[in-house]
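Structure first, commentary second.
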Amino acid sequence: METLITILAGVLVTVATYLLLSKSVIRVILGTAILSHAAHLMIMTMGGLKEGEVPLIGKDHGPYVDALPQALILTSIVIGFAVTALSLVLAYRTYQETGTDTLDELRGNKHE
Amino acid sequence: MNNILVLPMALPVLAGIILIFFRKHIKIQRGISLGVMLINIGISIYLLNRIQEEGILRLDFGGWEPPFGILFVADSFSIILVLTTSIVAAICLLYAFSSIGKAHENMFFYSFVSFLIAGVNGSFLTGDLFNLYVNFEVMLLASYVLVALGGKKVQLRESIKYVVINVLSSWFFLIAIAYLYGSIGTLNMAHISERIAESGQTPLLTGISMVFLTVFALKSGLLLYYWLPGSYSTPPTAVAALFGALLTKVGIYAIIRVFTLFFYHEPEFTHTIIGILAGITLIGGSIGAVAFKDIRQIVSYNVVIGVGFILVGLAVGTQAALEGSIYYLMHDMIVKALLFLLAGTMIKVAGSANMDEMSGLIRNYPLFGWIFFIVMISLSGIPPLSGFIGKVLIGQGAVETGSYLLLALAFISSIVVLYSLLRIFLNCFWGETMISFEDEIPMKKGWIIPCVLLAIATIALGLGAEALAPYVSDAANTLINPDVYIDAVLYDK
């Protein structure tokens with residue numbers, strides 16, 4: 001199971017890298033969102049998948065699964081959500097001001 | 001009663017939230033945000049002295065004993081940085097009062113500065129690796145907003161690049177944490193250090209350490225600094241000064257912490273790599289500093305040189321060199337803030353950022369000109385000023401371990417710094433007066449007073465190096481002997 005999830009994370013990273021390297025700002029932002037989900041899967045796999053019971057004391061008699069990775073992922077998802085929201089707003093404002101969402105045209109020139 | 005430990009982070013967070021409700025009351029906003037920074041200065045001086053008497057302090061949140069809970073740890077190194085951060089932030093706020101403009105002040109500028117400072121202080125204080133990531137994100141989110149606030153074309157354009165590069169490096173940070181957790185099984189920094197010492201630093205762990213190095217190198221501008229000049233030269237002066245003084249230093253702090261507490265077993269490999277990166281950074285930064293005519297670019301590349309210089313101290317890794325790095329970190333935070341404030345003010349009074357289009361400013365603004373002169377000699381390390389002691393100690397460490405190449409690069413870069421700033425000084429301050437006395441923009445008190453305060457700080461740090469010595473040597477001692485840190489956190493010694 002771990003191998004499968006790791007391969008899935010790899011596929012997500014591949015997709016994200018493809019999107020990150022494209023020229024449209026929106027695609028780049030979607031790329032970063034997918035990238036962060038690949039990292040979340042990675043963290044979950046690192047804790048071990050389904051190695052024990054639900055970590056609630058009194059319900060079963062251990063061994064319990066490691067609950068920490070889930071706490072980490074939860075925090076990280078919230079942060080990723082905030083960052084994606086902010087960058088979408090930024091992209092929209094940039095589009096309003098500069099009239100373009102192509103990274104080539106956002107390069108800027110020396111004489112400004 | 002260690003609860004006071006949380007205040008350097010909690011106060012700015014609370015202040016930032018409260019300020020949202022006072023959007024229209026600019027006086028209250030200014031008062032609260034400056035007040036918080038001043039209180040933080042007081043708290044960190046108090047903590048610094050307590051650490052000397054009682055050793056490293058820690059605060060377990062929710063009563064969860066380490067290694068299970070999240071905790072804040074205050075050793076001399078982190079508190080020295082919190083103290084310097086608070087001083088620099090207070091002075092940058094003073095400058096912002098008279099320069100940032102009503103539009104910014106109404107759009108939650110002070111809230112975001114408070115959140116930024118909260119993230120910076122939290123990163124210095126935390127004793128948990130994942131909490132370090134969270135604090136980094138708090139700081140970065142505030143900085144994304146501050147770069148873009150104002151909504152000029154250039155700002156928005158640069159902010160997109162800044163956001164993307166930082167999201168990418170945060171991703172590497174997450175991956176590095178995942179790998180480390182997978183192989184070590186803990187996130188408490190002292191516990192990680194202990195487990196790595198027990199199991200030995202296997203090649204796998206050394207590989208993970210390189211992922212960490214990549215992350216922090218991106219954040220601090222070690223070698224991977226190409227994003228830095230663009231995003232540091234577009235925001236308003238007060239913001240640029242905060243960034244130049246604080247953001248890269250958090251990355252440097254993280255590199256120093258990680259490579260003195262976790263991955264110190266294979267210095268032939270890891271510290272050599274850091275040395276090589278620092279050397280290339282010094283060369284690249286030096287080339288950048290002399291290549292441009294835009295003074296904002298020159299100043300930004302000076303930040304890059306500073307990063308390289310501080311990490312030479314870590315690469316060398318002796319007690320003297322680390323003390324030098326700590327002195328130089330404090331010096332660099334103060335002086336880079338001052339340098340950015342001066343450059344921003346120059347652009348404002350001259351109406352141009354190109355140094356060919358400025359000349360003779362010292363006749364219009366004599367005090368201002370002489371402050372620039374002080375910064376210049378302070379950065380190049382002339383004795384009574386603050387740059388001197390750090391350079392001497394790093395140099396001493398490099399000689400002790402025989403790293404002559406790094407020594408040469410570090411000191412040649414000092415000359416380049418001197419040259420790049422001297423070029424600005426000669427071009428912009430000397431020569432024919434360009435602005436006639438009738439249409440010169442009067443120098444506001446609010447612009448010059450923060451600069452004077454920072455100039456006093458650099459002189460005081462230079463002359464008061466002796467008084468600071470016990471704190472700095474305690475900080476370096478903890479870095480050299482990770483057991484002190486581990487014992488304090490895990491075994492209550």
Side-chain angles (χ1 to χ4, degrees), chain A residues 2 6 9 13 16-17 20 25-26 28-29 31-48 66 68-69 71-73 75-80 82-101 103 105-112, chain B residues 67-68 70 128-131 133-138 140-145 147-188 230 233-234 292-294 297 353-354:
Chain A
E2 272 87 355
T6 315
V13 173
T17 313
L20 272 179
V25 175
I26 289 293
V28 170
I29 292 169
T32 60
I34 294 177
L35 204 55
S36 67
H37 290 309
H40 301 155
L41 272 184
M42 191 75 204
I43 295 176
M44 192 149 82
T45 325
M46 283 297 170
D66 188 356
L68 196 60
L72 303 186
I73 294 169
T75 317
S76 167
I77 286 176
V78 175
I79 293 172
V83 172
T84 310
L86 181 78
S87 38
L88 282 173
V89 172
L90 265 183
Y92 179 62
R93 280 288 292 141
T94 313
Y95 176 70
Q96 274 187 329
E97 283 292 320
T98 57
T100 175
D101 77 333
L103 282 169
E105 292 169 28
L106 289 173
R107 180 189 285 266
N109 55 34
K110 271 186 199 163
H111 310 287
E112 261 183 318
Chain B
F68 300 110
I70 293 174
D128 182 278
L129 196 58
F130 194 78
N131 201 230
Y133 165 76
V134 174
N135 279 309
F136 258 100
E137 288 303 307
V138 171
L140 287 173
L141 268 170
S143 76
Y144 299 156
V145 177
V147 169
L149 202 62
K152 278 186 281 180
K153 257 186 200 176
V154 206
Q155 277 183 310
L156 288 168
R157 210 178 57 208
E158 290 302 327
S159 70
I160 293 254
K161 299 170 197 167
Y162 178 70
V163 170
V164 171
I165 197 84
N166 274 300
V167 169
L168 196 67
S169 74
S170 297
W171 178 76
F172 274 109
F173 200 172
L174 266 184
I175 290 293
I177 290 176
Y179 284 157
L180 193 64
Y181 184 73
S183 47
I184 293 290
T186 179
L187 289 170
N188 179 300
S233 54
T234 46
F292 289 95
K293 296 226 156 180
D294 184 332
Q297 297 272 357
N354 189 330

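The chains referred to below are lettered A, B, ... by the order of the sequence lines, with proteins before strands, and numbering in each begins at 1.
- With a threshold of 4.5 angstrom between heavy atoms, A:L20 approaches chain B through side-chain atoms but not through N, CA, C or O.
- Nearest heavy-atom pair, A:E97 versus B:G151, reported as atom, atom and distance to 0.1 Å: CD-O, 3.7 Å.
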request  = Go through the steps to decide whether A:L72 and B:Y133 satisfy the test side-chain contact (heavy atoms from CB on, under 4.5 Å), and finish with yes or no.
outcome  = CA-CA 10 Å; A:L72 303 186; B:Y133 165 76; over 6 Å; no
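- Atoms CG and OH, from A:L90 and B:Y144 in turn, are 10.0 Å apart once rounded to the nearest 0.5 Å.
- The contact between A:I79 and chain B is made entirely by side chain atoms (from C-beta outward), counting heavy-atom distances below 4.5 Å.
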inquiry  = Between B:I177 and A:I43, is the side-chain contact (heavy atoms from CB on, under 4.5 Å) condition met? List the steps.
reply    = CA-CA 8 Å; B:I177 290 176; A:I43 295 176; 5.9 Å; no
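- Counting only heavy atoms from C-beta outward, the side chains of A:L68 and B:F130 never approach each other to under 4.5 Å.
- When heavy atoms are compared at a cutoff of 4.5 Å, B:L140 does not approach chain A at all.
- Using a 4.5 Å cut-off between heavy atoms, B:Y179 contacts chain A through both its backbone and its side chain.
- Atom CH2 of B:W171 sits about 12.5 Å away from atom CD1 of A:I34, to the nearest 0.5 Å.
- When heavy atoms are compared at a cutoff of 4.5 Å, A:V13 approaches chain B solely by way of its side chain, counted from C-beta outward.
- When all heavy atoms are compared, the tightest approach of B:G182 to A:M46 is CA-SD, 3.7 Å.
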inquiry  = Checking B:L174 against A:S76 for the side-chain contact (heavy atoms from CB on, under 4.5 Å) test, could you report, in this order, the C-alpha distance in whole Å, the side-chain angles of both residues, the deciding distance, and whether it holds?
reply    = CA-CA 9 Å; B:L174 266 184; A:S76 167; 3.3 Å; yes
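- With a 4.5 angstrom heavy-atom cutoff, B:V167 touches chain A only via side-chain atoms.
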task = Using the side-chain contact (heavy atoms from CB on, under 4.5 Å) rule, take A:T32 and B:L168 through it: C-alpha gap first, then chi angles, then the decisive distance, then the call.
result = CA-CA 7 Å; A:T32 60; B:L168 196 67; over 6 Å; no
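- Here the rule is side-chain contact (heavy atoms from CB on, under 4.5 Å) with B:I160, and of A:D101, A:V28, A:T94, A:T98 only A:T94 fits it.
- With a 4.5 Å cut-off on non-hydrogen atoms, A:L106 touches chain B through its backbone and its side chain both.
- With a 4.5 Å cut-off on non-hydrogen atoms, A:V25 touches chain B through its side chain but not through its backbone.
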